[in-house]
K.L.:
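Take a look at the following structure, please.
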Protein chains: 2
Amino acid sequence: MPITGRKALNRAGMRFTSQRALIMEIIRRGRGHLDADEIYRQARGKEPRLSLSTVYRTLQMLKKLNVVDELHFDESHHHYEVKHSAEHYHLKCLGCGKVVEFSYPLSSYLKENVPAARDFDITVTEVSMSGYCARCRRGR
Amino acid sequence: MPITGRKALNRAGMRFTSQRALIMEIIRRGRGHLDADEIYRQARGKEPRLSLSTVYRTLQMLKKLNVVDELHFDESHHHYEVKHSAEHYHLKCLGCGKVVEFSYPLSSYLKENVPAARDFDITVTEVSMSGYCARCRRGR
DNA sequence: AATTTAATTGCAAATGATTAGCATTACTAA
DNA sequence: TTAGTAATGCTAATCATTTGCAATTAAATT
Ligand SMILES: [Mn+2]
Ligand SMILES: [Mn+2]
Ligand SMILES: [Zn+2]
Ligand SMILES: [Zn+2]
């Protein structure tokens, strides 16, 4: 039950603004893995007055509402994607930048196999793997 | 065979300086998970003239030489630890900040069980899990 | 529909971690 | 010793993200 419509926002004491609608729309259509600046650039196409601050503020809000996930590839900025229903992780190619997704129930697997993880109430599991994709591996 | 002594550094065209010795020493004794600023603070105790730039430069160098690993907890800065021989990962408590380590051959496990990972030449696998430790779970 | 009020925005300035430029210092090899 | 050149210590950039604040504006109330 991800909060996304006007009604749900109002119920939470927040307002449904055109900026927020636009930003959510861009993230949804974007097929994930967008960074703040890319969202900003796309948003300005529709609403040239929108500010980068609003993008960042909206991203924080969507993260808190569990609508989006923040991804930390090995870079100096973050990426965002709509929260999927299935647990999935990412492989990023250091050669061409391509991101490959794969679904895997890693958190429950670790809970079963790692004693130390049993005593913990794990709320976030993040895995980031990088290397070289098949295509990039050839060209070297 | 981690490069650490004067001889090995010289062989690589680098110099063995008192600053580098001090920083390596602090990281080694620190039992891992120190951040740049903590290393800086400790180092200044011994060598008040040492600069933060030198800490960062040395950290980059040690990372490149595979002497230390850079850890990315869900924070705005990084942490460092001497590279262990056994593959291990971390659980960080959001309540008290405690970091629990556990050894697990996760990269080979994923290579065997994730089809998408087979086409990739994975060079880095990073896992960061956070949640609440047993003690912190009680106090709420 | 007009009014109220507080959340949200846009803009500019601030942060905070990390990096870069450069003159000065000090390892190393000869 | 000395010459050659990494490395250091400053200070000043970067760069992504956050914050302060006056001006807007969504939405609850008359
Ligand atoms: Mn994804
Ligand atoms: Mn560790
Ligand atoms: Zn590639
Ligand atoms: Zn705890």
Side-chain angles (χ1 to χ4, degrees), chain A residues 3-24 26-27 33-41 43-65 67-80, chain B residues 3-27 33-41 43-65 67-68 70-80:
Chain A
I3 296 176
T4 171
R6 164 183 273 107
K7 209 171 297 178
L9 279 185
N10 291 344
R11 203 179 307 128
M14 329 195 77
R15 296 176 179 176
F16 187 83
T17 65
S18 62
Q19 292 91 328
R20 286 177 173 173
L22 175 57
I23 291 170
M24 291 189 212
I26 288 171
I27 298 175
H33 317 142
L34 300 174
D35 58 34
D37 209 67
E38 174 63 18
I39 293 168
Y40 177 54
R41 244 176 288 136
R44 298 196 96 192
K46 284 275 176 188
E47 299 244 2
R49 312 201 23 128
L50 180 136
S51 83
L52 184 54
S53 291
T54 297
V55 171
Y56 276 110
R57 280 188 287 232
T58 302
L59 252 11
Q60 283 311 110
M61 170 208 163
L62 294 175
K63 200 169 61 157
K64 190 147 295 168
L65 294 179
V67 177
V68 306
D69 272 330
E70 188 178 79
L71 307 178
H72 304 102
F73 298 135
D74 197 0
E75 291 176 33
S76 55
H77 59 271
H78 308 151
H79 289 249
Y80 300 84
Chain B
I3 296 177
T4 171
R6 164 183 272 108
K7 209 171 295 179
L9 279 184
N10 292 345
R11 204 179 307 128
M14 328 196 76
R15 294 174 181 177
F16 187 83
T17 65
S18 63
Q19 291 91 328
R20 286 177 174 173
L22 174 58
I23 291 170
M24 290 190 213
E25 179 64 13
I26 288 172
I27 297 176
H33 318 142
L34 300 175
D35 58 33
D37 210 67
E38 174 64 18
I39 294 168
Y40 177 53
R41 245 177 289 136
R44 296 193 98 192
K46 284 274 176 190
E47 298 243 2
R49 311 199 25 126
L50 181 136
S51 83
L52 184 54
S53 291
T54 298
V55 172
Y56 277 111
R57 279 187 290 234
T58 302
L59 251 12
Q60 284 311 110
M61 170 207 163
L62 294 174
K63 199 168 60 155
K64 191 146 294 167
L65 294 180
V67 176
V68 307
E70 187 177 79
L71 307 177
H72 304 101
F73 298 136
D74 197 1
E75 293 176 31
S76 54
H77 60 270
H78 308 152
H79 290 249
Y80 299 85

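Everything numeric here is computed off the predicted structure, so don't read it as measured data. Lettering of chains follows the sequences in order, A, B, ..., and the numbering in each one begins at 1.
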K.L.:
Give me the one residue out of B/Asp35, B/Ile27, B/Leu34, B/Thr54 that meets side-chain contact (heavy atoms from CB on, under 4.5 Å) with B/Leu59.
P.N.:
B/Ile27
K.L.:
Students often get this wrong, so: under 4.0 angstrom with heavy atoms, is A/Arg20 touching a base, only sugar-phosphate, or nothing?
P.N.:
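Sugar-phosphate only.
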K.L.:
Whole angstrom is fine here: how far is it from CZ in B/Arg11 over to C1' in D/dA6?
P.N.:
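That distance rounds to 18 Å.
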K.L.:
Quick check: closest heavy atoms across B/Phe16 and B/Leu9, and the distance to 0.1 Å?
P.N.:
CD1-CD1, 3.7 Å
K.L.:
Please examine the side chains of A/Leu22 and A/Glu47, heavy atoms only from C-beta on, and report whether any two atoms are closer than 4.5 Å.
P.N.:
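SC-SC contact between A/Glu47 and A/Leu22 confirmed.
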K.L.:
Taking atom C1' of C/dT19 as reference, at what distance in whole Å does atom CE of B/Met61 sit?
P.N.:
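Roughly 18 Å, once rounded to whole Å.
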K.L.:
Starting at NE2 of B/His79 and ending at P of C/dA17, how long is that distance when rounded to a whole Å?
P.N.:
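B/His79 atom NE2 is separated from C/dA17 atom P by 11 Å.
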K.L.:
If you look at every strand shown and take non-hydrogen atoms under 4.0 Å, does B/Arg57 touch a base, only sugar-phosphate, or nothing?
P.N.:
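Contact class for B/Arg57: base.
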K.L.:
In terms of ring plane angle, is the pair B/His72 and B/His78 parallel, tilted or perpendicular, where the classes change at 30° and 60°?
P.N.:
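B/His72 vs B/His78 ring planes: perpendicular.
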K.L.:
Check the distance between C/dT18's P and B/Leu59's CG and give it to me in whole angstrom.
P.N.:
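Atom CG in B/Leu59 sits about 9 Å away from atom P in C/dT18.
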K.L.:
Figure out the NZ/C1' separation between B/Lys64 and C/dT19, and round it to whole Å.
P.N.:
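The distance from NZ of B/Lys64 to C1' of C/dT19 comes to 13 Å, rounded to the nearest Å.
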K.L.:
Measuring only between side-chain heavy atoms, which start at C-beta, is B/Glu25 closer than 4.5 Å to B/Lys46?
P.N.:
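Counting from C-beta outward, B/Glu25 and B/Lys46 never come under 4.5 Å.
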K.L.:
Nearest-nucleotide wise, let me know which of B/Gln19 and A/Pro48 is further upstream toward the 5' end of DNA chain C.
P.N.:
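Between the two, 5'-proximity favours A/Pro48.
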K.L.:
Identify all pairs in which a protein N or O lies below 3.5 Å from an N or O of nucleotides 14-17 of chain D, and state each distance.
P.N.:
residue: D/dT17; atom: OP1; partner: A/His78; partner atom: N; Å: 3.2
residue: D/dT17; atom: OP1; partner: A/His78; partner atom: ND1; Å: 3.4
residue: D/dT17; atom: OP2; partner: A/Tyr56; partner atom: OH; Å: 2.4
residue: D/dT17; atom: O5'; partner: A/Tyr56; partner atom: OH; Å: 3.4

K.L.:
So does B/Thr54 get a side-chain nitrogen or oxygen closer than 4.0 Å to the phosphate oxygens (OP1/OP2) of D/dG9?
P.N.:
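Result: yes.
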K.L.:
Are A/Ser53 and C/dG10 close enough that a side-chain N or O sits under 4.0 Å from OP1 or OP2?
P.N.:
no
K.L.:
State, to 0.1 Å, how close B/Leu52 and B/Ala36 come at their nearest heavy-atom pair, and which atoms those are.
P.N.:
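Closest approach of B/Leu52 to B/Ala36, heavy atoms only: CD1-O, 4.3 Å.
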K.L.:
Could you tell me the separation between the CZ atom of B/Arg49 and the C1' atom of D/dT11, rounded to a whole number of Å?
P.N.:
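In whole Å, D/dT11 C1' lies 15 Å from B/Arg49 CZ.
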K.L.:
I'd like to check A/Tyr40 versus A/Arg44 (side-chain heavy atoms, cut-off strictly below 4.5 Å). Are they in contact?
P.N.:
yes
K.L.:
Could you check if a side-chain atom of B/Gln60 sits within less than 4.5 angstrom of a side-chain atom of B/Glu70, using non-hydrogen atoms only?
P.N.:
yes
K.L.:
Reading nucleotides 22-30 of chain D from the 5' end, what letters show protein touch, with B for base, S for backbone sugar-phosphate only, - for no heavy atom under 4.0 Å?
P.N.:
---BBS---
K.L.:
Just how far is it from atom CZ of A/Arg20 to atom CG of A/Leu62, taken to the nearest 0.5 Å?
P.N.:
8.5 Å
K.L.:
In whole angstrom, give the distance that lies between atom CE of B/Met24 and atom C1' of D/dA7.
P.N.:
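Rounded to whole Å, this separation is 13 Å.
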